[in-house]
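Positions are given from 1 along the sequence.
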Amino acid sequence: MSKKPTRPPGPPRSLGPAGPHDGVKLGLEFEKAYLMPALLGQYDEHVHVLERELGVHISPRGNRITIEGEAVLAARARDVLKHLYVRLEGGDQIDQGDVVAAVGLIGDPSLEGVASADAGLSPTAVIRTRRKTIAARSPTQVRYIEALSRDQIIFALGPAGTGKTYLAVAQAVSQLIAGSVDRLILSRPAVEAGERLGFLPGDMKDKVDPYLRPLYDALYDMLPAEQVERRLASGEIEIAPLAFMRGRTLASAFIILDEAQNTTPLQMKMFLTRFGEKSRMVICGDPNQVDLPNPGSSGLADAVKRLDGIEGISALRFSSREVVRHPIVGRIVDAYEGPPQDG
């Protein structure tokens with residue numbers, strides 16, 4: 001008795017073409033039914049996100065999905081689902097942010113070959129660490145990840161939530177694990193948004209640690225806790241205020257300066273001139289969130305102007321549209337950057 005031949009696994013099969021007219025209906029059939037819950041999301045939340053983002057109607061049934069809507073948008077929704085499915089096949093996990101990100105990545109013609117429907121994400125748009133794989137979620141993040149592996153000094157400018165520091169820490173941990181750098185140094189200026197260090201309890205470490213907490217949080221996302229503690233104790237990973245950088249030459253190190261908008265030009269010059277052999281340096285900050293007494297004296301803006309066009313130095317600018325936290329954060333950033341509303 002002969003066995004019934006089975007179809008080899010592969011990308012989802014399109015059941016209908018997208019015509020040039022409005023109101024088309026497209027179908028997808030997915031090979032691996034066990035991936036459908038992850039693709040659709042809990043209570044079909046990924047489906048609802050995709051419907052909201054593209055204005056289409058999506059009807060899942062088993063391992064088949066029907067998409068109805070304007071031809072171009074329905075085809076884009078189909079490609080986004082295929083892209084997410086391929087990522088799930090590769091072992092990635094996806095959430096609502098990945099769905100929103102995929103809409104932007106798949107729809108950007110400049111990213112051809114980086115994000116596709118049938119091949120997931122290019123390795124150049126992904127950073128792998130011990131605990132997780134971090135994938136680019138916006139076109140600027142794709143270019144940022146490429147710069148992190150290419151350039152010696154990178155400026156990352158933009159609002160909170162765009163992944164500037166998080167991706168820098170991920171790349172630093174990846175290079176530390178690979179042995180291409182010997183040390184990871186994370187720093188922030190101890191400038192407070194309305195508070196004063198002297199009024200906080202404890203010694204200097206106790207006073208400064210709350211300002212460095214976002215860096216600790218990112219580290220624990222990338223490495224097992226015991227490895228973070230061991231590497232901190234051995235000095236492989238160092239987290240320190242900017243003032244502690246003075247007088248040092250940092251060779252074979254990946255150095256990250258966070259909240260760089262709160263440096264003065266002299267502090268920024270001091271930091272940049274710590275650069276040593278076989279090192280990489282990333283400077284992250286939001287030029288619109290300066291907490292200095294004189295906001296016009298930010299060392300971040302000054303450095304970006306002075307160093308523009310120098311070989312080996314790149315500057316990437318994120319917008320509020322690329323906030324990868326909850327979507328409402330992007331709307332809040334827009335509201336604060338726009339003119340105040342009359343009461």
Side-chain angles (χ1 to χ4, degrees), residues 38 41-42 84 87-88 90-102 105 120-121 123-138 140-142 144-149 154 156 158-188 208-241 253-260 280-286 316 318 322-330:
Q42 189 174 24
L84 295 171
R87 287 186 55 187
L88 288 169
D92 287 352
Q93 295 181 334
I94 62 172
D95 57 24
Q96 292 186 56
D98 290 301
V99 179
V100 175
L105 294 173
L121 281 171
T124 61
V126 171
I127 302 173
R128 302 189 186 279
T129 67
R130 285 279 163 82
R131 290 197 63 185
K132 66 195 312 184
T133 297
I134 298 95
R137 287 189 167 191
S138 73
T140 306
Q141 281 197 0
V142 171
Y144 186 35
I145 291 175
E146 291 171 347
L148 286 169
S149 62
I154 303 102
T162 48
K164 306 181 301 297
T165 304
Y166 193 79
L167 289 174
V169 173
Q171 180 67 18
V173 168
S174 178
Q175 291 196 209
L176 184 65
I177 293 169
S180 53
V181 295
D182 297 332
R183 290 182 297 164
L184 167 52
I185 299 172
L186 309 173
S187 184
R188 293 180 93 180
V208 168
D209 268 0
Y211 296 96
L212 303 175
R213 179 49 54 187
L215 301 177
Y216 285 103
D217 291 343
L219 274 177
Y220 284 107
D221 249 10
M222 312 297 170
L223 287 170
E226 65 275 8
Q227 284 200 29
V228 174
E229 299 299 335
R230 177 170 55 80
R231 291 175 189 267
L232 283 167
S234 69
E236 276 186 278
I237 298 177
E238 180 182 350
I239 303 180
F254 198 113
I255 311 131
I256 300 171
L257 177 62
D258 194 25
E259 300 292 339
R280 186 151 298 170
M281 191 174 272
V282 183
I283 299 98
C284 306
D286 181 359
L316 292 100
F318 294 83
E322 296 173 294
V323 170
V324 293
R325 295 176 182 169
H326 193 286
I328 199 170
V329 177

Are the side chain of [X] and the backbone N or O of [Y] linked by a donor-acceptor pair below 3.5 Å?
X	Y	answer
Ser180	Gln175	yes
Thr129	Ala170	no
Arg128	Ser174	no
Gln141	Arg137	yes
Lys164	Phe318	no

Nearest 0.5 Å please: distance from the [atom1] atom of [X] over to the [atom2] atom of [Y].
X	Y	atom1	atom2	result
Gln171	Tyr166	CD	OH	14.0 Å
Ile154	Leu316	CD1	CG	8.5 Å
Arg131	Gln227	CZ	CD	10.5 Å
Arg188	Ile256	CZ	CD1	12.0 Å
Asp217	Thr165	CG	OG1	11.5 Å
Leu148	Ile127	CG	CD1	6.0 Å

Over all heavy atoms of both residues, which pair between [X] and [Y] is shortest? Give the atoms and the distance, please.
X	Y	result
Ile185	Ala253	CD1-CB, 4.2 Å
Tyr144	Ala168	OH-CB, 3.6 Å
Ala136	Leu105	O-CD1, 3.4 Å
Ile283	Ala260	CG2-CB, 3.2 Å
Leu121	Ala135	CD1-CB, 3.4 Å

**Prompt:** Please walk me through it: do Val228 and Tyr216 pass side-chain contact (heavy atoms from CB on, under 4.5 Å)?
**Reply:** CA-CA 9 Å; Val228 174; Tyr216 285 103; 5.6 Å; no
Considering only heavy atoms from C-beta outward, does the side chain of [X] approach that of [Y] to under 4.5 Å?
X	Y	value
Glu238	Leu184	no
Asp182	Leu176	no
Arg130	Ile177	yes
Pro123	Val126	no
Glu259	Cys284	no
Val173	Phe254	no
Thr140	Thr162	no

**Message:** Listing request: all salt bridge (Lys or Arg N to Asp or Glu O under 4.0 Å) pairs with a residue in residues 219-228, at least two apart in sequence or in separate chains.
**Reply:**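 Qualifying pairs, neighbours excluded: Lys132-Asp221.
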**Request:** Take Val169 and Val282 through the side-chain contact (heavy atoms from CB on, under 4.5 Å) test and state the conclusion after the steps.
**Result:** CA-CA 9 Å; Val169 173; Val282 183; over 6 Å; no
**Request:** Give the C-alpha distance, both sets of side-chain angles, the deciding distance and a yes or no for side-chain contact (heavy atoms from CB on, under 4.5 Å) between Leu88 and Asp92.
**Result:** CA-CA 5 Å; Leu88 288 169; Asp92 287 352; 5.8 Å; no
**Prompt:** With Glu146, which residues qualify under side-chain hydrogen bond (donor to acceptor under 3.5 Å, both in side chains), at least two apart?
**Reply:** none
**Item:** Arg231 atom CZ, neighbour heavy-atom count above 12 within 6.0 Å
**Value:**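 Buried by this count: over 12 neighbours within 6.0 Å.
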**Salt-bridge criterion met for Asp98 and Arg87 (N-O under 4.0 Å)** = yes
**Prompt:** Among Ile255, Leu257, Leu219, whose side chain to side chain contact (heavy atoms under 4.5 Å, CB included) with Leu186 holds?
**Reply:** Leu219
**Asked** Sequence neighbours excluded, which residues qualify as salt bridge (charged side-chain N to carboxylate O under 4.0 Å, His left out) partners of Arg183?
**Response** none
